[in-house]
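Report on the following structure.
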2 protein chains.
Amino acid sequence: MTESDSSNFIVADDHPLFREALIHAIHNCVPGAVIHEADSLASLYEVVEANPDADLLFLDLHMPGVSGFSALAYMRNNHESLPTVIVSAVDDPAVISRAIQHGASGFIPKSSPIRKIEAAINAILQGEVWLPENIDLGAGGLDNEEARIAAAMSALTPHQFRVLMMLGEGLLNKQIAYQLGVSEATIKAHVTAILRKMQVTNRTQAVLAVQRLNTREPGLVE
Amino acid sequence: MTESDSSNFIVADDHPLFREALIHAIHNCVPGAVIHEADSLASLYEVVEANPDADLLFLDLHMPGVSGFSALAYMRNNHESLPTVIVSAVDDPAVISRAIQHGASGFIPKSSPIRKIEAAINAILQGEVWLPENIDLGAGGLDNEEARIAAAMSALTPHQFRVLMMLGEGLLNKQIAYQLGVSEATIKAHVTAILRKMQVTNRTQAVLAVQRLNTREPGLVE
DNA sequence: ATACTGATTCGACTTTTGGCTAATGGTATC
DNA sequence: GATACCATTAGCCAAAAGTCGAATCAGTAT
């Protein structure tokens, strides 16, 4: 009866087909597994809140509402006890390396054959950090800036994080307020708190900071 | 006496050491070559204006004031007659492919040995499009968005482009005005024109558009 | 010579942003 | 129960952002 008896997983990916495939693989590894799905930042919030005892989160790097390592950085500090595995179409060693440094418990390229994915799931359930073969973790280091931004971002509250992601879409305070069903005054208060925590002076700079956590080529920033 | 008798080149790169090495290689290929240098967007403007009859521009992808393909997109439309070769530390096939699609006349990785660089210069002077070996030009296509943004950006006037790049650094109108030595009202007018041409409604969205021309992993944008 | 186009400049005006204070209620934690 | 933090809102204010119309200037076509 109690869910703590069985394994609880969360699969966050906006591609239904891949979600299904991943769930299938998980079931093969853990027959009685209970799996919860999310296809956006908003639904990820709901599912994570509703299942605080989940054992593992499979997180896509790109979903509606979040992009890059932002969501990972956030999860690492607001739900420390929930290990997070990145599942992504990207398989650049530098991106993989950065994901691990941002606190991911593993990295599964979407291009992996089913067997490999199942092997990855099993390894991670054993507490291992699973990576594709031949990955040099020294490939892409986090520069100081990136680490600082990730730390600042993980200090944000859930609402603040959500608002920050919407700033990242170029929305007005008024639009954000409408979409979240609160007053504009509330959004302003959130934005002020965000700017403070991110140590920037206006929303454009905040958005630029978020962009640095995207999976762009490392080594280009002077 | 007339400069049109000799070959005119422009080398735009913010790394003095590499600039020197490249100039040396050019001299080896074209003994009497006249070479003009730029180490920032501002100086690139000056040099290009001062030498409208230049034969070839060597352009680094990352200089103070510009980043990614923005400068290339701009050059392609405002100085159509000046062929541009990208010189970059990046050698990702997708980046190379995108550079060519943005109108570059060649791509020289900085990691190339001197001989290769000289071979590249000779080939490009013959009118060829020079690429590193084994490059699959199908590697990274421009999505519609990226092509649209590049087109919009190349419709900007020099001043507007300059202002847009400064928006991309998170600067205030006031700061931009001070740096360019004009009134804040002028900058506001430029910004309004930029927003119109880029088909966005505020500066944050304009900055996000510019970011799409950076050399980040392609294929990640949903 | 005239007219037209486009770039640059700027002031006046409106809207949006962002900071500050203050108040309310909820929810943990101690 | 007290304390702390979060979310919410209002109201006020100063600063910044953005729009419009207008003047100037250069180049270009007629």
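Naming convention: chains lettered A, B, ... in sequence-line order (proteins, then strands); numbering from 1 in each chain. This one's a predicted model, so the numbers in the text were calculated from it and none came from an experiment.
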Nearest of [options] to any side-chain atom of [X]?
X	options	answer
Thr157(A)	dT17(C), dC6(D), dT19(D)	dC6(D)
Ala185(B)	dA16(D), dG11(C), dT9(D)	dG11(C)
Arg203(B)	dT8(C), dT8(D), dA17(D)	dA17(D)
Thr186(A)	dT16(C), dC10(C), dT8(D)	dT8(D)
Val182(B)	dC10(C), dT17(C), dT8(D)	dC10(C)
Lys188(B)	dT8(D), dG19(C), dA17(D)	dA17(D)
His159(A)	dT8(D), dT9(C), dG18(D)	dT8(D)
Pro158(A)	dA7(D), dG18(C), dT9(C)	dA7(D)

Inset, instruction - Mind checking Ala193(B) for me? I need base, sugar-phosphate or nothing, with any heavy atom below 4.0 Å counting as a touch. - result: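 Result for Ala193(B) = nothing.
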Less than 4.0 angstrom between a side-chain N/O of [X] and OP1 or OP2 of [N], yes or no?
X	N	result
Thr192(B)	dT19(D)	yes
Ser183(A)	dA10(D)	yes
Asn173(A)	dT16(C)	no

Rounding to an integer number of Å, can you tell me how far [X] [atom1] sits from [N] [atom2]?
X	N	atom1	atom2	result
Asn202(A)	dA15(D)	CG	C1'	12 Å
Leu167(A)	dT16(C)	CG	P	16 Å
Tyr45(B)	dA7(C)	OH	P	13 Å
Gln205(B)	dG18(D)	CD	C1'	13 Å
Gln199(B)	dG18(D)	CD	C1'	18 Å
His190(A)	dC5(D)	NE2	P	17 Å
Ile194(A)	dC6(D)	CD1	C1'	14 Å
Ile187(A)	dG11(D)	CD1	C1'	18 Å

Inset, instruction - Begin from the C-alpha positions of Thr186(A) and His159(A) and carry the test side chain to side chain contact (heavy atoms under 4.5 Å, CB included) through to its verdict. - result: CA-CA 10 Å; Thr186(A) 305; His159(A) 275 58; over 6 Å; no
Inset, instruction - Before giving the answer on side chain to side chain contact (heavy atoms under 4.5 Å, CB included), spell out for Met153(B) and Val210(B) the whole-Å C-alpha distance, their side-chain angles and the decisive distance to 0.1 Å. - result: CA-CA 8 Å; Met153(B) 206 172 300; Val210(B) 172; 4.0 Å; yes
Inset, instruction - Between Glu184(B) and Arg196(A), name the one whose nearest nucleotide on DNA chain C is closer to the 5' end. - result: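 Looking at DNA chain C, the more 5' nearest nucleotide goes with Glu184(B).
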Inset, instruction - Go through Leu22(A) and Arg19(A) one step at a time and tell me if the side chain to side chain contact (heavy atoms under 4.5 Å, CB included) criterion holds. - result: CA-CA 5 Å; Leu22(A) 187 54; Arg19(A) 221 161 51 226; 5.8 Å; no
Inset, instruction - Starting at CD1 of Ile187(B), measure out to CZ of Arg162(B) and round the result to the nearest 0.5 Å. - result: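 Here the interatomic distance stands at 10.0 Å.
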Inset, instruction - Return the orientation label for the Tyr45(A) and Phe161(A) ring planes: parallel under 30°, perpendicular over 60°, tilted otherwise. - result: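 It falls in the perpendicular class, over 60°.
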Legend entry - Salt-bridge criterion met for Asp60(A) and Lys110(A) (N-O under 4.0 Å):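 A salt bridge is present here (some side-chain N lies under 4.0 Å from a carboxylate O).
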